[in-house]
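First the structure, in the form of structure tokens, and then the observations on it.
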2 protein chains.
Amino acid sequence: MAKTRLSRETLLPLLAAHVLENGLNDASLRPLAKAAGTSDRMLIYHFGNKQALVAALLEYLAAMFAASLDSAFPPGRADTRRACVEQVLEITGQPAFQQFFRLWWDIVAGCAAGNRAYLQAAGSIMDMLLQWVTDHLPADDPDPQTGARLVLTQIEGAQMLAAIGREDIGKGGLSALET
Amino acid sequence: MAKTRLSRETLLPLLAAHVLENGLNDASLRPLAKAAGTSDRMLIYHFGNKQALVAALLEYLAAMFAASLDSAFPPGRADTRRACVEQVLEITGQPAFQQFFRLWWDIVAGCAAGNRAYLQAAGSIMDMLLQWVTDHLPADDPDPQTGARLVLTQIEGAQMLAAIGREDIGKGGLSALET
DNA sequence: AGCGCGATGTAGCACTCGCTACAAGGCGTC
DNA sequence: GACGCCTTGTAGCGAGTGCTACATCGCGCT
């Protein structure tokens, strides 16, 4: 019966899978527990309360996302800022990333509602992305710091527009980005 | 006791006020009813079910938002695309708009989760904004259609970053927008 | 073997959710 | 006044919420 002891480490991958599939903000203990093959009782036992569980889950998911990004992108730099935006949008548009973005907008909504754990998680994810964009900007970029911020803002705007079904707007403006 | 008959028209402003204050995605009938001075029973009676209530509320809120935008902005055009972005960010950063954006991220999260009513509402709001940006672009803009898309995407990216407490990123890239 | 303690199952609490059954109120029409 | 209908109040249903009390299981240690 595979009676392996439960722990945060064995639980988190299963919980993450469920949350990626079904969203974060209205995930409740019993469905989460079922997905992990246990009971709500045990989730509370191992994490203390739901808030702590969600915090642990966020950390785990952020690490998953970072790993996915690293493995999905070629190591080199883009030729132009615009190419950098396009490259990111193309890769993050793949189905494997869609689940993450579904989650991302749950997190943003939570941030807008004042959820501190979400704010912290979102901030560090953005720091990671900013660093990543900086590293993938053209080597001859005249101002990588400012450029990375412009590029990241453009990417996020395009992704929000994609989330509401208007990717035409986000992609339609790209040709106006200086090469 | 001011026994005015209830109707969607008398209810919607009160419901909208409650939702602007407390968020949309986890608004439930009883608090909504209390805010409107009535009972959940009557909300269902007048709107049929919660889904229809939310749809009506979205429409009402979109009209409110459009009116707020129109009255908050000066009628003229911006001098540059960058100035257009900055002008919008400055005005929508005012406290009066914060409630709307809190709601907006609830809507985006709902869109990402596949909510059709949200998708439709979000799409038409974006159409409105795109038109608005087009009308406020510099008169000599070489390609208003593309420019408006670039500007709107940049605005939305900056607003998402502001929602998660990182407005520094959104505004930090602006100086790299061609004048 | 027996003890101790962390891990787990069962059952349940008090609460909220969207929604409904039923009956009564209020008002216009004849 | 009497009828009829739109509107409203009271109460409650069945399901789901986060969380807890209590008892038991099973493993490691002596």
Side-chain angles (χ1 to χ4, degrees), chain A residues 1-16 18-19 21-61 103 106-107 109-110 113-118, chain B residues 1-16 18-19 21-61 103 106-107 109-110 113-118:
Chain A
M1 290 295 275
K3 269 296 200 177
T4 52
R5 282 291 173 73
L6 296 178
S7 69
R8 292 166 197 243
E9 287 66 33
T10 64
L11 254 12
L12 281 174
L14 300 165
L15 297 176
H18 178 264
V19 156
E21 198 70 30
N22 299 93
L24 180 61
N25 277 352
D26 46 1
S28 50
L29 288 181
R30 276 176 256 264
L32 280 171
K34 190 174 179 184
T38 178
S39 68
D40 57 331
R41 168 70 183 75
M42 293 315 299
L43 295 185
I44 296 295
Y45 177 75
H46 282 290
F47 292 95
N49 54 46
K50 191 189 178 184
Q51 184 180 331
L53 186 158
V54 171
L57 207 37
L58 277 182
E59 196 175 345
Y60 184 82
L61 287 161
L103 236 53
D106 269 350
I107 293 172
N115 184 313
R116 292 198 178 191
Y118 283 21
Chain B
M1 290 295 275
K3 271 293 200 179
T4 52
R5 281 292 174 70
L6 297 178
S7 69
R8 291 166 198 244
E9 287 66 33
T10 64
L11 254 11
L12 280 174
L14 300 166
L15 297 176
H18 178 266
V19 156
E21 198 71 31
N22 299 90
L24 180 60
N25 276 353
D26 46 0
S28 50
L29 288 181
R30 277 175 254 262
L32 279 171
K34 189 173 180 184
T38 178
S39 66
D40 56 332
R41 168 72 182 73
M42 293 317 297
L43 295 185
I44 297 295
Y45 176 77
H46 283 290
F47 292 94
N49 53 47
K50 191 189 178 183
Q51 184 180 332
L53 185 157
V54 171
L57 207 38
L58 278 181
E59 197 175 344
Y60 183 82
L61 287 161
L103 236 53
D106 270 350
I107 292 171
N115 184 312
R116 291 198 180 192
Y118 283 20

Whole angstroms only, please: what is the CZ-P distance between Phe47(A) and dG18(D)?
14 Å

Between the side chain of Asp106(A) and the main-chain N/O of Gly23(A), is any donor-acceptor distance below 3.5 Å?
no

From OH of Tyr45(A) across to P of dC22(D) the rounded distance in Å is 17 Å

Across all chains, not counting sequence neighbours, the side chain to side chain contact (heavy atoms under 4.5 Å, CB included) partners of Ala36(A) are Leu11(A), Leu14(A), Leu15(A), Thr38(A)

Rounded to the nearest 0.5 Å, what separates atom CG in Leu6(B) from atom OG in Ser39(B)?
8.5 Å

Rounded distance in Å - CG (Leu29(B)) to P (dG18(C)):
4 Å

Please produce a list of atom pairs where a protein N or O lies less than 3.5 Å from an N or O of nucleotides 20-26 of chain C.
from: dA21(C); atom 1: N6; to: Arg41(B); atom 2: NE; distance (Å): 3.3

To the nearest angstrom, the CG-P distance between Leu43(B) and dG9(D) comes to 11 Å

Regarding Ala27(B), tell me which of base, sugar-phosphate or nothing describes its non-hydrogen contacts under 4.0 Å with the strands shown.
sugar-phosphate

On a heavy-atom basis, the closest approach of Leu32(A) and Val19(A) is CD2-CG2, 3.9 Å

For Asn22(B), what residues pass the side chain to side chain contact (heavy atoms under 4.5 Å, CB included) criterion, not counting sequence neighbours?
His18(B)

Got a sec, which residues hit salt bridge (charged side-chain N to carboxylate O under 4.0 Å, His left out) with Arg30(A), two or more places apart in sequence or on another chain?
Asp40(A)

Would you tell me if any nitrogen or oxygen in the side chain of His46(A) comes within less than 4.0 Å of OP1 or OP2 on dT8(C)?
yes

Give a yes or no on whether a donor-acceptor pair under 3.5 Å exists between the nucleobase atoms of dG16(D), that is its base, and the side chain of Arg30(A).
no

Please work out which residues in residues 49-57 of chain A have a non-hydrogen atom less than 4.0 Å from an atom of DNA chain D and list them by number.
Asn49(A), Lys50(A)

Residues 42-60 of chain A, side-chain donor-acceptor partners within the protein, below 3.5 Å, at least two apart:
from: Asn49(A); atom 1: OD1; to: Gln51(A); atom 2: N; distance (Å): 3.2
from: Asn49(A); atom 1: OD1; to: Ala52(A); atom 2: N; distance (Å): 2.9
from: Lys50(A); atom 1: NZ; to: Ala27(A); atom 2: O; distance (Å): 2.6

Nearest heavy-atom contact between Tyr118(B) and Ile107(B) is CD2-O, 3.5 Å

Would you check if Leu61(A) and Leu12(A) make a side-chain contact, meaning some heavy-atom pair closer than 4.5 Å?
no

Side-chain atoms of Met42(A) come closest, of dC17(C), dG9(C), dG9(D), to dG9(C)

